[in-house]
Amino acid sequence: MNDWNVLLAMPEWILGVTVLIALFQDARTRYDDKAGVARTAWLGVVLATGWAIGQALFLDLPRQAFLGHYGVNAFSIIFKVIFGCTALFILTMAGTWLERVDRGHGEFRLLALLATLGMFFISSVEDFAALFVSLELITISFYCLTGFKRNDERSIEAGIKYVVLGALASAFLMLGIAFIYGATGSLRLADLATAKYAAELGHAGGALLQFGVLLTLVGLCFKIAAVPFQVWTPDVYEGAASPVTAFLAMGSKAAGFVLLLKVVRACLGPGPSMDAGLATASAWVGLIALISAATILYGNLGAMWQGNMKRLLGYSSIGHAGYVLMGVVAFDQAGFAAVLYYLMAYLFTVIAVFAVVVVVNGVIRSHAIDDYAGLGRRAPFLALVLTCGLLSLAGVPPMAGFFGKFLVFRAVVARATPIAYALAFVGAAGVVISLYYYLCVVKRLYFHEPAEGTHLGSITISRPMRTVLWICLLGIFVLGMVMRPFVSMAERAAEALAAMR
Amino acid sequence: MGWGGLSLVVLISPLAACLRMFFMKEENDADKDRIRRTATLATQLSLGAAILMWILHVPGGDRFQFVVDVPWVPSMGLSFILGVDGIGIAMVLLTSCVIWAGCYVSRSIQDRVKEHYILLMALVVGVFGVFLSLDLFFFYFFYEMAVIPMYLLIGVWGSRAAQYSKEYATMKLTLYLTAGAVFALVGLLAIYNQTHTFDMRALAGANLSAAFQKTWFPVLFLGFACIIPMWPLHSWSPIGHAAAPSAVSMLHAGVLMKLGAFAVLRIAMEAFPIGAQYWLGWIGVICCMNIIYGGLVAMAQKDMKFIIGFSSSSHMGYVLLGLASMKVVGLSGAVFLMFAHGIMTALAFGLIGWFYDQTHTRVVDDLGGMIKKLPFAGTCFVIMAMASAGLPGFANFASELLVMLGAWKASFTLAGTSLTIPGWIPTMAAVWGIVISATYLLRAVRDAWLGPPNPRWADLKDATTRRQKTPFVGLIFVLMLTGCFPSLLVDTIKDGVKKLNFTKTVVIEKEASR
């Protein structure tokens with residue numbers, strides 16, 4: 001525990017070095033020839049993710065480094081793999097998207113790499129200060145990425161909106177951490193997690209700690225786009241470039257959940273058995289349940305009226321944050337495992353949908369849902385992937401999203417309290433509403449003919465994009481039907497989270 | 001495993017066809033024909049396996065036969081279990097007959113043939129899966145899986161239903177069914193919470209507390225009642241029937257509606273026998289609404305598909321009545337009626353689709369005297385109408401009789417009030433229901449098929465080739481065979497019903513209370 005073990009953080013080292021190499025490469029190449037940077041970025045992420053997988057296979061886990069402020073366990077490795085895959089998909093999508101942009105090819109990849117580095121760190125560090133710094137690394141990279149289309153008003157608007165609100169949320173988070181430190185005298189999650197503190201904190205200390213946790217929750221709700229801190233989502237999703245939106249929807253959201261799980265685990269559930277939290281844990285569960293229910297309803301009801309594909313996905317991603325929060329409400333290992341499975345399923349699903357959006361937008365130059373009309377005849381494969389992706393988002397078997405939702409519902413119903421049942425029924429209503437608006441898109445793909453005057457040429461899909469689409473399609477069905485290996489992974493990770501000390 | 005492979009054959013042959021067709025091309029008529037043949041072959045295999053199951057089923061033997069059990073996610077107590085009891089065999093047999101006929105009827109579809117058959121097979125995989133699954137998770141999995149292909153099938157290949165567009169119809173149907181399913185899912189998970197396994201065979205011995213049963217029975221029942229469809233949750237169903245292409249209407253009215261009743265019987269009532277006993281009075285009252293209201297609305301319809309659609313919800317009222325009786329006779333009747341009604345409506349929708357393809361109208365007043373032009377289809381239609389109106393010699397008569405016998409002996413206590421309704425009151429409603437159904441069916445026959453021929457339809461073509469006649473002849477054969485020799489099927493069904501845990505428990509409880 002008191003070792004430095006610097007090499008345990010090899011994935012992060014690899015990514016850091018990759019950023020530096022890419023930076024030099026970027027400075028030394030012409031603005032229109034960034035294939036080298038792209039290759040470096042790709043290779044770096046592959047190596048880092050591969051190393052993380054290697055750690056899972058060959059190391060005796062869990063292990064700690066940097067004097068116990070950094071941990072490698074099943075939980076952190078699963079998230080690193082999720083983030084690594086996300087980054088690879090995003091880099092590939094960016095390759096296609098950047099062809100339409102005249103400059104900034106190198107910077108885009110650098111920023112994406114930096115965000116990925118932050119995500120890798122946030123999976124492993126077990127210290128509030130380091131968590132905050134990692135989260136800022138992610139968020140600040142995203143500020144730049146969101147406003148990346150500098151000639152596009154909406155992109156700039158989105159960027160500014162994200163900066164202002166994001167900075168506010170970070171301030172809340174910082175303040176919360178300060179209160180937690182004030183109450184406990186330590187920034188290490190493990191110190192918080194030991195029963196010692198919960199017992200020794202007097203009434204005043206307990207109140208201080210809880211206030212800190214509340215403020216932290218405010219900051220985190222912003223990151224995961226949960227009600228009432230969700231207002232930025234549709235605008236930013238619409239304004240940002242599609243690969244960035246995908247990265248936000250998957251990477252940034254999952255990073256928020258990593259932090260949320262760690263905080264909830266450390267501050268609210270003291271023992272490794274997780275059966276008893278703070279004395280007031282039930283009040284906390286009630287609060288999170290309320291946020292979850294409100295988020296599900298807001299996201300899904302809001303999405304019903306959208307005519308723009310990216311806004312629709314923005315609202316739907318709010319709804320999905322609500323479902324993932326249901327797993328947190330369950331507040332036990334089954335719930336945390338459900339969260340992990342949900343995010344794994346969400347990875348393939350959301351990337352599939354956005355990959356289609358990127359390809360289609362390249363041809364029709366529009367994000368209006370009406371312009372997707374007749375896609376079923378023009379580009380059957382794209383329409384198929386989009387349909388499967390949307391149905392997976394809606395939670396229809398045999399797609400991955402279904403099993404994620406199923407696990408989340410199972411975990412919540414297992415609480416067997418009136419709040420839990422109420423939340424489950426709200427979630428059920430959300431499923432029906434979400435099916436409605438996803439089917440409204442599917443309807444346009446297959447039932448409608450393209451409007452007069454729209455671009456009718458066939459849609460060509462580049463080789464890398466086709467690979468991404470196939471992998472996601474396979475992922476959607478494999479996670480929806482062959483759940484056993486993934487469930488056991490998620491369960492191992494949840495166990496590691498519970499045992500974290 | 002023994003004969004367990006048969007369950008797998010039933011389920012996997014449409015699935016294999018689905019995958020095979022995905023990689024087939026559809027460029028000319030020969031390709032289209034190859035696709036149709038692949039699908040037909042798959043349904044024939046399923047039908048063959050289902051008939052074998054029916055023959056090989058040992059009535060006195062194990063409750064569930066042809067069992068396949070593969071652990072799927074052991075840490076959650078989730079296994080892939082297939083198997084059937086007597087009730088399941090009747091349902092599997094029904095499904096395979098209807099889809100077999102449906103594949104022939106679908107030959108009239110020329111646009112996007114490949115997608116049509118892929119979705120049709122996916123739908124059937126879902127339906128077979130529900131009837132075969134002995135695991136709550138996979139039961140729900142297949143149940144939901146059956147809904148979505150339906151959405152696309154109706155939306156792409158369907159037609160306008162009176163004032164409603166096909167998009168409206170298919171969206172309404174999908175949302176209703178999903179809402180019911182998700183609602184029921186919460187109930188299923190509540191059961192899982194108590195038993196800690198998804199294995200349905202454990203439901204019989206679950207012995208859940210009475211309070212728990214009384215709370216959760218309505219949740220499960222209402223969830224499944226959406227698909228039965230029980231009044232007042234029925235409004236999606238006639239519109240959906242009317243908008244769907246023929247094969248889908250056949251499957252939808254013939255089989256999909258039975259999923260709900262099957263689920264009520266095998267899950268809701270088996271897990272919650274006390275809850276069911278407590279609430280069944282209300283079911284007994286509501287099902288009369290189904291019978292009478294559905295029948296009266298059917299009388300007012302002009303569109304043939306709407307007539308049959310509302311008559312279906314009327315007939316499902318009899319099924320509910322049989323379930324509510326909770327007697328072996330009534331329950332066997334209900335299951336037998338599910339079978340008979342399924343075959344009968346499949347026949348009806350197949351025939352209506354047959355002439356709709358040529359006339360593009362289903363409104364009774366536009367037709368007239370068609371039997372002169374379509375002697376074969378007309379004869380089949382008259383036979384269907386007779387069967388539906390409950391003429392002896394058809395399975396419908398035998399099954400409705402059993403339901404009424406069961407209902408007469410039962411008594412319905414309305415939970416929450418002190419009222420008890422004697423069994424003969426709902427039975428009288430059911431008898432009047434038959435009179436009503438005879439009225440609208442005979443009127444439809446008179447106006448559309450008999451009388452002076454409408455000159456607009458001078459060049460209608462009758463079914464002439466064997467391929468065109470096979471499905472109708474086959475369905476009529478099944479209807480008459482099981483009608484004349486009901487014991488062929490009723491014995492199998494009764495075996496399943498007798499082994500339901502509550503047909504025993506209820507009796508024991510009654511003796512204890514005396």
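In what follows, chains are A, B, ... by sequence order, proteins preceding strands, each numbered from 1. This one's a predicted model, so the numbers in the text were calculated from it and none came from an experiment.
Annotation: residues 110-127 of chain B contacts chain A through B:Asp111, B:Arg112 [non-hydrogen atoms, separation under 4.5 Å]. The stretch residues 215-224 of chain B places B:Trp216, B:Val219 near chain A, each with some heavy atom under 4.5 Å from a heavy atom of that chain.
No more than 12 heavy-atom neighbours from other residues, nucleotides or ligands sit within 6.0 angstrom of OH on A:Tyr436. Counting heavy atoms of neighbouring residues, nucleotides and ligands inside a 6.0 Å radius, atom CZ of A:Phe381 exceeds 12 of them. No more than 12 heavy atoms of other residues, nucleotides or ligands shown are found within 6.0 angstrom of CZ on A:Arg492.
Between the B:Trp72 side chain and the A:Met481 main chain, a donor and an acceptor come within less than 3.5 Å of each other.
Using a 4.5 Å cut-off between heavy atoms, A:Val413 contacts chain B through both its backbone and its side chain. The part of B:Ile148 that comes within reach of chain A is its side chain, from C-beta onward, which places non-hydrogen atoms under 4.5 angstrom from that chain. Interface remark: B:Tyr176 contributes no atoms to any contact with chain A (heavy atom separation under 4.5 Å). Proximity to chain B (any heavy atom under 4.5 Å) is restricted, for A:Leu407, to the side chain, taken from C-beta onward. Within the 4.5 angstrom heavy-atom criterion, no atom of A:Val412 approaches chain B. For A:Leu384, the part sitting under 4.5 Å from any heavy atom of chain B is the side chain, from C-beta outward, and nothing else.
Side-chain contact between B:Met145 and A:Phe402 is absent, with no heavy atoms from C-beta onward closer than 4.5 Å. Counting only heavy atoms from C-beta outward, the side chains of A:Arg484 and B:Ser75 never approach each other to under 4.5 Å.
None of A:Leu435, A:Val432, A:Val396 except one satisfies the side chain to side chain contact (heavy atoms under 4.5 Å, CB included) rule with B:Thr174; the exception is A:Leu435.
In this structure, the separation between CZ on B:Phe137 and CZ on A:Phe403 is 5.0 Å, given to the nearest 0.5 Å.
Among all heavy-atom pairs drawn from B:Phe141 and A:Pro397, the shortest one is O-CG, 3.2 Å.
The salt bridge (charged side-chain N to carboxylate O under 4.0 Å, His left out) test applied to A:Lys443 returns B:Glu167, not counting sequence neighbours. Listed by chain and number, the residues in a ring-ring contact (aromatic ring centres under 6.0 Å, His included) with B:Tyr192 are B:Phe198 (sequence neighbours excluded).
By the 30° and 60° cut-offs, the orientation of the rings of A:Phe425 relative to B:Phe183 is tilted.
When B:Val147, B:Leu185, B:Leu152, B:Leu188 are compared by the number of non-hydrogen pairs under 4.5 Å with chain A, B:Leu152 comes out ahead.
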Using the side-chain contact (heavy atoms from CB on, under 4.5 Å) rule, take B:Met76 and A:Arg410 through it: C-alpha gap first, then chi angles, then the decisive distance, then the call. CA-CA 10 Å; B:Met76 286 169 53; A:Arg410 164 178 168 259; 3.7 Å; yes

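Taking the six-membered ring for Trp, A:Tyr446 and B:Tyr151 have ring centres at least 6.0 Å apart.
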